[in-house]
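Below: one structure, written as structure tokens.
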Number of protein chains: 2
Amino acid sequence: MSALTTDHDLVSTFGLLMEAYNSLERQLGDSLEREVGVPHTWFEVLLRISRAESGLAPMGCLAEQVALTGGGVTRMIDRMVAADLVERVPCAKDRRVVYAALTPQGRELLDKAILVHDDNLRRILADFSAVELDQLETTLRRLRTARLAG
Amino acid sequence: MSALTTDHDLVSTFGLLMEAYNSLERQLGDSLEREVGVPHTWFEVLLRISRAESGLAPMGCLAEQVALTGGGVTRMIDRMVAADLVERVPCAKDRRVVYAALTPQGRELLDKAILVHDDNLRRILADFSAVELDQLETTLRRLRTARLAG
DNA sequence: GCACGATAGTTGACGAGTCAACTATCTAGT
DNA sequence: ACTAGATAGTTGACTCGTCAACTATCGTGC
């Protein structure tokens, strides 16, 4: 019996998750890029820095949240520093860690981007009921921490 | 008023979607790579070829489904051809289009990968009720086709 | 039946992230 | 106090996908 003829609902569901995420990511990312001039990944980083304790986010912490490796974050922050959106702040307690912090321009750009992004989401999700979005959110929250091993 | 103090539930929900997808993708992709020796993206391509009409998937069609550009698909198929998992089949009706088709090795690898992937998903989603997964699936299906413009 | 614009795929130059090796710093065990 | 091992971040070499330019083919209107 070949894969063609077998039921693999979960495989399809996961494929659906992939397609849904990719579709939204592309549309929202394009809009952000076009209207605010910021790539979606940068937006997510700016957002997470702004939400961090005292506005200071250690590199490694960002890496987890945006699903990059340490090296990847180093390079992205390099570019964002070059663009004057972010600055590196050494940590006094632990001299190995380097924080990322928003510059005024970074904060300003983020505020602009949030408005655009939020508005886009409202339009994309206009047809979704509050209940449906609520269910989605709780399921996503559980999915985020679901682990294969252990 | 700064972004820090404003409610943007949808922005957070989308962030959640991103984190959930990334987390699952990484775990499942690592497992596939480790146990079957195939990258997750290749798996998705193999799967979609196998599901295509007569097992023949036009390049452009794959591009849409796995969220790549045309050039990206060309290069990925190049590598998969080099690995003997896939072959290019010219279309007789329209000589511009090139199909991708599974080789016997490709089909064999796919079958193996599906079992592993499906099993992984069962374990990751063990705590999710059938109802919850059903709701998730219908919501994802709607999300996949949600459009910002129009 | 031909010229035009649209479409499918490929390619060169490039941008962005990964991996592994390395430095610097911290922490625990003795 | 000192060493061994863990941890945070950076860097070089490389892979992968993008973008834009290009080729080849198709379809339409005249």
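Numbers restart at 1 for each chain; the letters A, B, ... are given by sequence-line order, proteins then strands. Bear in mind the structure is a predicted one, so any value in this text is a computation, not a measurement.
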Whole-Å gap separating [atom2] ([N]) and [atom1] ([X]):
| X | N | atom1 | atom2 | answer |
| --- | --- | --- | --- | --- |
| A/Met76 | C/dA16 | CE | P | 9 Å |
| A/Trp42 | C/dA16 | CH2 | C1' | 11 Å |
| A/Leu68 | C/dC19 | CG | P | 11 Å |
| B/Met80 | D/dT15 | CE | P | 18 Å |
| A/Arg95 | D/dT7 | CZ | C1' | 15 Å |
| B/Glu25 | C/dG17 | CD | P | 15 Å |
| B/Lys93 | D/dA24 | NZ | C1' | 20 Å |

Could you check whether [Y] and [X], counting side-chain N and O atoms only, form a donor-acceptor pair closer than 3.5 Å?
| X | Y | value |
| --- | --- | --- |
| B/Thr139 | B/Arg144 | no |
| B/His40 | B/Glu25 | yes |
| A/Gln27 | A/Ser31 | no |

Ignoring backbone atoms, establish whether A/Thr69 has a side-chain N or O less than 4.0 Å from OP1 or OP2 of C/dT18.
-> yes
One would report the end-axis bend of the helix from C/dG1-D/dC30 to C/dT30-D/dA1, five pairs per end and rounded to 10 degrees, as 30°
On the 0 to 90° scale, with breaks at 30° and 60°, tag the B/Phe14-A/His117 ring pair as parallel, tilted or perpendicular.
-> perpendicular
A/Leu17-B/Val116 co-clustered via ILVMFWY side chain contacts under 4.5 Å = yes
B/Glu35/B/Lys112 ion pair, N-O < 4.0 Å = no
Could A/Arg147 and B/Asp127 be called an ion pair, given the rule that one side-chain N must be under 4.0 Å from one carboxylate O?
-> no
So, the side chain of A/Arg95 versus the backbone of A/Pro90: is there a donor-acceptor pair under 3.5 Å, distance only?
-> no
5' to 3', nucleotides 7-15 of chain C under a 4.0 Å protein heavy-atom cut-off (B base, S sugar-phosphate only, - none) gives BSSBBBB--
Under 6.0 Å from the six-membered ring centre of A/Tyr99 and within 45° of its axis: does the NZ or CZ of A/Arg88 meet both?
-> no
